[in-house]
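Shown next, in C-alpha cells, is the structure this report addresses.
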2 protein chains.
Amino acid sequence: MLRLSKLTDYAVVVLARLGAEGGVQTAPGLAAGTGVAEPTVAKVLKILAHHDLVEGQRGARGGYRLMRPLRDMPLSTVIAAIEGPIALTACVDNGFGSCEAEGVCAVRGRWDPVNRAIRDALAGITIADLAGPTVHASFSAAAE
Amino acid sequence: MLRLSKLTDYAVVVLARLGAEGGVQTAPGLAAGTGVAEPTVAKVLKILAHHDLVEGQRGARGGYRLMRPLRDMPLSTVIAAIEGPIALTACVDNGFGSCEAEGVCAVRGRWDPVNRAIRDALAGITIADLAGPTVHASFSAAAE
DNA sequence: TTATACCGGACCGCTGTGGTCCTGTTTGCC
DNA sequence: GGCAAACAGGACCACAGCGGTCCGGTATAA
C-alpha cells in the first residue's frame, strides 16, 4: 500500500487545475472543473491556504489563487500540508518513550535514511510535473 | 504521514532479530527477543512465510528461518509482502473505471514516475541495512 | 503418546479518513 | 444601504482498514 490519502490526491488535482487556469478561481468553479465534490474541494483549499500554498480572497468575486508557481511546489510540500510531516514510522517523529521496545529494538534510529530517501524522491517532483506539459487554459475557464 | 503500518515495522524488527540469531527461531522466542506481543509476532511470521521470506518448520523443535540473507532482502519486498503492492494512489493499480473523474483529471497517469521513484528508493535499502552492522548474536540466543 | 509449535482462519474494538453541513464574516455589486 | 457571493472555521457522522487476540487443526520430535 503505502497509500497517501485521497485528500492529497484531490489537492494535487485542484492545484493542477488552479495552475492551468491562472488567476483567481472559486471553489465551486474548481469543483466543476475537476469533478470533485464541492465541499471536499473547499476543505482541501482551506487546508492548502492554511499552509500558504494558496491564498483565499473573501467576498463576492473572491476565490483562491496560487501563492507560487507549480514549478516551485514540490510534491513533498503538498503531502506534508495535507497529511503532516513525512515519516514512515512512528518511531521517528515521536522521539523517545513512545516505543516500549526501545531497549531491545535493533532497528532503533535506522529508519532515518529511509525517510530521507523518500523525502528526497518526493521533493524532486513538482506539481508542475504532475500537471502535465503546462496545460495552459486548454479548458474553458469557468466551465459550468 | 505516509506512514506504513505497524505490522511492517514489526516485520523488519523480527527479520532483523532472525538474521542476528541465525538458524531456526520460534515465534515465542522472537517475541521475547523483540518485545513484541507473541500473537502479533506469529501473525507477522505467517504473512512473511506466505511470501517466501521465511520458512516455517512445524512440530516440536520447529520455528522459522530466513529463506535468504537479509542482505538480499530489499525493504520494498517486505513492505509489499505485508501491505500489498506499493502504489501511492488508487488510480494506478485499479486500472480504469474506478475513478469517476477520469475525463477531466489532469493528473491521469502521471503518478507512475512518483511510484517508481518511491519503489526504487525502497528497493535500494535492504533489511541488513536497517538491522545495523550485522549484530551477530550480541544477545543471548533464546533469552527467556 | 504427548508436548511443542506452526497453520489458517475468524473475530472485535479502535482510530483515522472521507465527506457533509452549518454558522459566521468579508466583500463586490445593484 | 441592502443583498448575494464566496471564504473561514468549525462540528459532525459513517465507514473502512488496521492492530491485536484467540481458537481449532495438524505436523513433528522426544
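Atom set for the values below is all heavy atoms of this structure, side chains included, hydrogens, waters and symmetry mates excluded. Per chain, numbering begins at 1; letters A, B, ... match sequence-line order. Since we're looking at a predicted model, the values are computed, not measured.
Closest approach to the B/Arg61 side chain among C/dT20, D/dA29, D/dG9 is made by D/dA29 (side chain taken as heavy atoms from C-beta onward). Each of C/dC7, D/dG9, D/dG19 was ranked by its minimum atom distance to the side chain of B/Ala49; first place goes to C/dC7.
Contact annotation: B/Thr26 side-chain N/O to C/dT4 OP1/OP2 distance is not under 4.0 Å. For C/dG18, the OP1/OP2 oxygens have no side-chain nitrogen or oxygen of A/Tyr10 closer than 4.0 Å. The shortest distance between the side-chain N/O atoms of B/Tyr64 and the OP1/OP2 oxygens of C/dA5 is not below 4.0 Å.
Considering only heavy atoms from C-beta on, B/Asp129 stays 4.5 Å or farther from B/Leu75 through its side chain.
DNA chain C is contacted by both B/Lys43 and B/Ala27; B/Ala27 maps to the nucleotide lying nearer its 5′ end (nearest heavy atom per residue).
Residues passing the side chain to side chain donor-acceptor pair (under 3.5 Å) test with B/Thr77, sequence neighbours excluded: none. For B/Arg68, the side chain to side chain contact (heavy atoms under 4.5 Å, CB included) partners are B/Leu53, B/Asp72, B/Met73, not counting sequence neighbours. Contacts of A/Glu55 classified as salt bridge (charged side-chain N to carboxylate O under 4.0 Å, His left out), with partners at least two apart in sequence or in another chain: A/Arg65. Partners of B/Ala60 by side chain to side chain contact (heavy atoms under 4.5 Å, CB included), not counting sequence neighbours: none found. For A/Thr26, the side chain to side chain contact (heavy atoms under 4.5 Å, CB included) partners at least two apart in sequence or on another chain are A/Pro28. B/Ser76 is linked by a side chain to side chain donor-acceptor pair (under 3.5 Å) to nothing, counting only residues two or more places apart in sequence or in another chain.
Distance B/Leu48 CG to C/dC7 C1': 15 Å, rounded to the nearest Å. Whole-Å rounding puts the B/Ile47 CD1 to D/dG20 P distance at 12 Å. Rounded to a whole Å, the CG atom of B/Leu4 is 16 Å from the P atom of C/dG16. When rounded to the nearest whole Å, the span between CD1 of A/Ile82 and C1' of C/dG19 equals 14 Å. The nearest whole Å value for the distance from the CD atom in A/Glu38 to the C1' atom in C/dC22 is 14 Å. One interatomic measurement links the two molecules: CG of A/Asp9 to C1' of C/dT17, which rounds to 14 Å at whole-angstrom precision.
Residues from residues 53-60 of chain A lying near DNA chain D, meaning a heavy-atom separation below 4.0 Å, are A/Gly56, A/Gln57, A/Arg58, A/Gly59, A/Ala60 in numerical order.
Here B/Leu45 lies out of heavy-atom contact (under 4.0 Å) with every strand. Counting non-hydrogen atoms under 4.0 angstrom, B/Ala42 reaches nothing in the nucleic acid.
Cluster membership for B/Tyr64 and B/Val24, using ILVMFWY side-chain heavy atoms within less than 4.5 angstrom, is not shared.
Side-chain atoms of A/Lys46 come within donor-acceptor range of the base of D/dG9, with a qualifying N/O pair under 3.5 Å.
Between the side chain of B/Asp120 and the backbone N or O of B/Ala117, no donor-acceptor pair lies under 3.5 Å.
DNA chain D forms stems at C:1-30 with D:1-30, each a run of 3 or more consecutive Watson-Crick or G-U wobble pairs whose two key distances fall under 3.5 Å.
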Tell me which donor-acceptor pairs under 3.5 Å the side chains of residues 40-52 of chain A have, and how far apart each pair is, sequence neighbours excluded?
residue	atom	partner	partner atom	Å
A/His51	NE2	A/Ala81	O	3.4

